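Here's the structure we're looking at; comments come further down.
Model, not experiment: these values are computed from the prediction.
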Amino acid sequence: ARYLLVANEWGSDHARLAIFVSFDGQEYTPGSGFGVVANALKTDDRLFGVSYRSQLEAWRFTVQPQFETIEMTGRLSSTNESKWWLPLSVGWSTFILDWSLSPGLVYHHVEYPGASRRYDLVSPRVVVKRQFRDWNFASTLGSYFRHPTMAELYGQPQVLVGNSALKPERSAKAEVSLGQKFSRLNWTLTHYHSLAEDIIVNTQNAQNIMTSMNVGRSWIWGTVAEVTARSGGWEAGASVSQLSTVNLSEIPSQIGKSLPLRPSVELKSRLAWHTDRLRLEVSHTLYGPMALDAANRQELSMTHSLDLMTAYRLGVWGDLGLEITNLLDTVLATRVVGDYRFDAPTSGLLGYPAPGRRIGISWRIEL
């Protein structure tokens, strides 16, 4: 084996362990590898999966079968639900007149035995890239999907009420980016459009309880500007993301409204310092106002997340990594309902930040 990667993450609601072994080649280079992942949630949610990937010259292949179970216990009864899925992906890369062309295909077979439902989801996509002097151009076109998580289907105590009728979301997306790279500075500008069908959103219902729902049709587009500067052992970066969403469903109270829990603007800044062995990085993300419900009657004001990351090289013993997301454990923000403003617990919202503080540690060793 060429390298071994062991990663562990834990937070307010889960613990996760992942192990990956590469048989030949380095990470992101030609070779093959095998991995195992296990995930445990405090809500009696268990996940186990294995993965295999192979890259031979211009071809890439990955298979990652996974199985998940969840146990729900109530005052009068308890039940177990399960989900298993088989993800396959294959890709190929070539050059045509100095243009890099990378078509690919992703396929998922998903089954929910308890609900007697199964899906076969296919996602073709293609990436085109061109580099000329200091400039970089990239364009992506494809269809994408996402099947519901166990939490979205069956709920998570004190966070989310499940919706067992959820369908997988599908979307067609086009993206184009242009960037320039210098010795100490580089920037990238990206613009994208997506037309989605049955997109899954988390929203507050009339009882102020978070739940998941499908939106029949929606249009999502946005622009992301990023810049990074380097000097000596220091590196600083900033990004601005603008997002627009329109609900195109046939529900009168939702037509033309914004999708819930998607901020219209996101500002991120980061500062890093590194030596030959040590890297320290701190970043701060500010999320703009966002709607809490599909009809946009309630709005959540700006929230933020402070994140820390450190990595240390142990020489022959590999690399250690530590990452803390939402260090301050932001739990309060201002919610607007009509003309009234009051505190709202954001730790119960999936996403911004999601939820509570999370700590992850990894160990990567060359064998």
Side-chain angles (χ1 to χ4, degrees), residues 1-5 7 18-37 49-67 84-111 118-147 168-181 186-199 220-224 226 364 366-367:
R2 292 297 298 273
Y3 73 83
L4 169 70
L5 173 64
I19 301 174
F20 191 87
V21 180
S22 174
F23 297 121
D24 49 69
Q26 303 294 324
E27 196 169 9
Y28 309 118
T29 63
S32 60
F34 178 80
V36 177
V37 61
V50 296
S51 65
Y52 174 80
R53 76 178 185 195
S54 180
Q55 181 170 338
L56 300 174
E57 296 181 351
W59 289 90
R60 301 178 308 278
F61 174 78
T62 302
V63 56
Q64 296 176 302
Q66 298 184 57
F67 177 77
W84 73 270
W85 63 104
L86 179 65
L88 300 172
S89 65
V90 60
W92 175 67
S93 299
T94 188
F95 282 89
I96 301 177
L97 299 177
D98 296 328
W99 290 81
S100 171
L101 180 65
S102 302
L105 184 70
V106 176
Y107 165 78
H108 282 203
H109 177 79
V110 189
E111 292 196 13
R118 64 179 61 187
Y119 300 98
D120 291 289
L121 307 171
V122 180
S123 168
R125 59 193 70 175
V126 62
V127 180
V128 178
K129 295 181 180 180
R130 173 68 190 276
Q131 183 175 356
F132 44 99
R133 295 184 180 178
D134 298 326
W135 294 84
N136 294 284
F137 170 83
S139 179
T140 304
L141 179 65
S143 68
Y144 300 86
F145 60 79
R146 186 176 76 84
H147 37 87
E169 62 181 48
R170 296 175 171 88
S171 65
K173 183 179 180 181
E175 179 179 300
V176 60
S177 66
L178 182 66
Q180 200 171 11
K181 190 173 183 178
N186 60 276
W187 62 267
T188 305
L189 183 65
T190 303
H191 185 72
Y192 59 90
H193 282 261
S194 177
L195 185 62
E197 191 83 18
D198 292 324
I199 191 170
I220 303 169
W221 72 96
T223 303
V224 182
E226 300 176 85
R364 182 181 187 273
E366 300 281 348
L367 302 177

Apply the test side-chain contact (heavy atoms from CB on, under 4.5 Å) to residues N136 and Q180: give CA-CA distance (whole Å), side-chain angles for both, the deciding distance (0.1 Å), then the verdict.
CA-CA 6 Å; N136 294 284; Q180 200 171 11; over 6 Å; no
Just do the side-chain contact (heavy atoms from CB on, under 4.5 Å) check on T62 and L88 with the steps written out, would you?
CA-CA 6 Å; T62 302; L88 300 172; over 6 Å; no
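Other residues, nucleotides and ligands place more than 12 heavy atoms under 6.0 Å from the CZ atom of F137.
Contact detail for D198 and P168: the closest heavy-atom pair is CB-O, 3.7 Å. Here the closest non-hydrogen pair linking S194 and S171 is OG-CB, 3.6 Å. Of all heavy-atom pairs spanning F61 and V63, the tightest one is CE2-CG1, 4.0 Å. The minimum heavy-atom distance between L178 and W187, with the atom names listed, is O-CZ3, 3.3 Å.
Considering CD1 of I199 and CG of L195, their distance stands at 10.0 Å, rounded to 0.5 Å. In this structure, T140 OG1 and K173 NZ are separated by 8.0 Å, a value rounded to the nearest 0.5 Å. Rounded to the nearest 0.5 angstrom, L101 CG and R130 CZ are separated by 13.5 Å. Residue L189 holds its CG atom at 6.5 Å from OG1 of T223, rounded to the nearest 0.5 Å. Note that CH2 of W92 and CG of L105 are 14.5 Å apart. Values are rounded to the nearest 0.5 Å. Taken to the nearest 0.5 Å, the CD atom of E197 stands 13.0 Å off from the OG atom of S143.
Y144 has its side chain within reach of R125: a pair of non-hydrogen atoms, C-beta onward, lies under 4.5 Å apart. In this structure, the side chains of Y107 and V90 stay at 4.5 Å or more apart for every pair of heavy atoms. Side chains of T188 and V224 form no contact here, defined as non-hydrogen atoms less than 4.5 Å apart. Under the 4.5 Å side-chain criterion, counting only non-hydrogen atoms from C-beta, V126 is not in contact with S102.
If you look at H109 and W85, their ring centroids are not closer than 6.0 Å.
Between H193 and W221, the ring planes lie parallel to each other; the angle is under 30°, not in the 30° to 60° tilted range. Between F145 and H108, the angle of the ring planes goes over 60°, which puts this pair in the perpendicular group of the 30/60° scheme.
For the salt bridge (charged side-chain N to carboxylate O under 4.0 Å, His left out) test, residues two or more places apart in sequence or in another chain that qualify with E169 are R146. Applying the salt bridge (charged side-chain N to carboxylate O under 4.0 Å, His left out) rule to R118 yields the partners E111; only residues at least two apart in sequence or on another chain are considered.
A donor-acceptor pair under 3.5 Å is formed between the side chain of H191 and the backbone N or O of G222.
A side-chain N or O of R60 and one of S93 form a donor-acceptor pair less than 3.5 Å apart.
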